[in-house]
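Down below is the structure, laid out as structure tokens.
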Amino acid sequence: MEEAQVVESKDGTISVASAFAGHHEAVQDRDHKFLSKAVEEAYCGVECGHGGPFGAVVVRNDEIVVGCHNMVLKDTDPTAHAEVTAIREACKKLGKIELDDCEIYASCEPCPMCFGAIHLSRIKRLVYGAKAEAAIAIGFDDFIADALRGTGFYQKAHLEIKQADGNGAIIAEQIFEKTKEKFQMY
């Protein structure tokens, strides 16, 4: 068996080359297989008229748990993005809220909402295909980080964001202190 090689880059990061010859190619082939399924979901969603050209699959132990596409139009739900829908369905199917033994493959770079859902579900790995700019180029403006800063090319948010003053903020913060014993999460 080959030994692993430690490689230090110019920026100081360290990576370990796999001891298994062909490991990179095997991972690349596996990623391609599951990403292709996410792209198929995206096409399916468009053909059905359910929503935009976005698809996602959740994978566990090299098996697809669920495959979903954007359901925004079908469900009249602006949060029914492919990744969020896939996470919801995977959680139901597996009977748990943490998907820390799962990966997600998305046809496009996730928007901040989807990335937030991926993070909160504790998914261990995200692989995406197209960059966000591909979706932006055809008019999808879900990329709220730029919108909130007002730097987005296609949109500016006309949304006022502020924390409540006085008692509103105090009573909202108190709920965390008063209910913390019910949520021993980590």
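Atom set for the values below is all heavy atoms of this structure, side chains included, hydrogens, waters and symmetry mates excluded. The first residue of the sequence shown is numbered 1, and numbering continues consecutively from there.
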ask   = Does a side-chain heavy-atom distance below 4.5 Å link Ile64 with Phe34?
value = yes
key: Connected via hydrophobic side-chain network under 4.5 Å: Tyr128 and Tyr105   = no
task = Would you kindly confirm whether Val72 and Phe140 end up in one hydrophobic cluster when ILVMFWY residues are joined by side chain heavy atoms under 4.5 Å apart?
result = no
message = Do Ile118 and Leu94 land in one hydrophobic cluster if side-chain heavy atoms of ILVMFWY residues count as linked below 4.5 Å?
response = yes
query = Do Arg122 and Asp101 come close enough that some side-chain heavy atom pair is under 4.5 Å?
reply = no
Indicate every side-chain donor-acceptor pair of residues 41-57 with a distance under 3.5 Å to a residue at least two apart or in another chain.
from: Glu41; atom 1: OE1; to: His69; atom 2: ND1; distance (Å): 3.0
from: His50; atom 1: ND1; to: His69; atom 2: NE2; distance (Å): 2.8

remark   = Distance col, row Met71:CE vs Lys74:NZ, nearest 0.5 angstrom, shows 4.5 Å
inquiry  = Determine whether a donor-acceptor pair (N or O, by modelled atom type, separation under 3.5 Å) exists between the side chain of Glu109 and the backbone of Ala132.
reply    = yes
inquiry  = Check this for me, if you would: do Glu98 and Lys124 make a salt bridge, where the nitrogen-to-carboxylate-oxygen distance has to be below 4.0 angstrom?
reply    = no
query = How about Arg125 and Val127: do any of their side-chain heavy atoms sit closer than 4.5 Å?
reply = yes
request  = Might you point out which heavy atoms bring Leu126 and Ala106 nearest each other, and give the distance in Å?
outcome  = CD1-CB, 4.5 Å
From SG (Cys111) to CD (Glu83), nearest 0.5 Å = 6.5 Å
task = Measure across Ile123 and Cys102 and return the closest heavy-atom pair with its distance rounded to 0.1 Å.
result = CG2-O, 3.4 Å
key: Which atom of Lys93 lies closest to which atom of Val65, heavy atoms considered   = NZ-O, 2.9 Å
query = Yes or no on side chain to side chain donor-acceptor pair (under 3.5 Å) for Ser121 and Arg88, after CA distance, side-chain angles and deciding distance?
reply = CA-CA 9 Å; Ser121 69; Arg88 288 174 181 159; over 6 Å; no
inquiry  = If you define the side chain from C-beta out and look only at heavy atoms, does anything of Asp100 sit under 4.5 Å from Lys96?
reply    = yes
ask   = Heavy-atom distance under 4.5 Å between the side chains of Thr79 and Met113, does that happen here?
value = yes
inquiry  = For Arg60, is there an ion pair with Glu63 - N to carboxylate O distance below 4.0 angstrom?
reply    = no
Chi angles and distances behind the side-chain contact (heavy atoms from CB on, under 4.5 Å) call for Ile87, Leu99 = CA-CA 8 Å; Ile87 289 167; Leu99 302 174; 4.2 Å; yes
task = Check whether any side-chain heavy atom of Val58 lies under 4.5 Å from a side-chain heavy atom of Glu103, and answer yes or no.
result = no
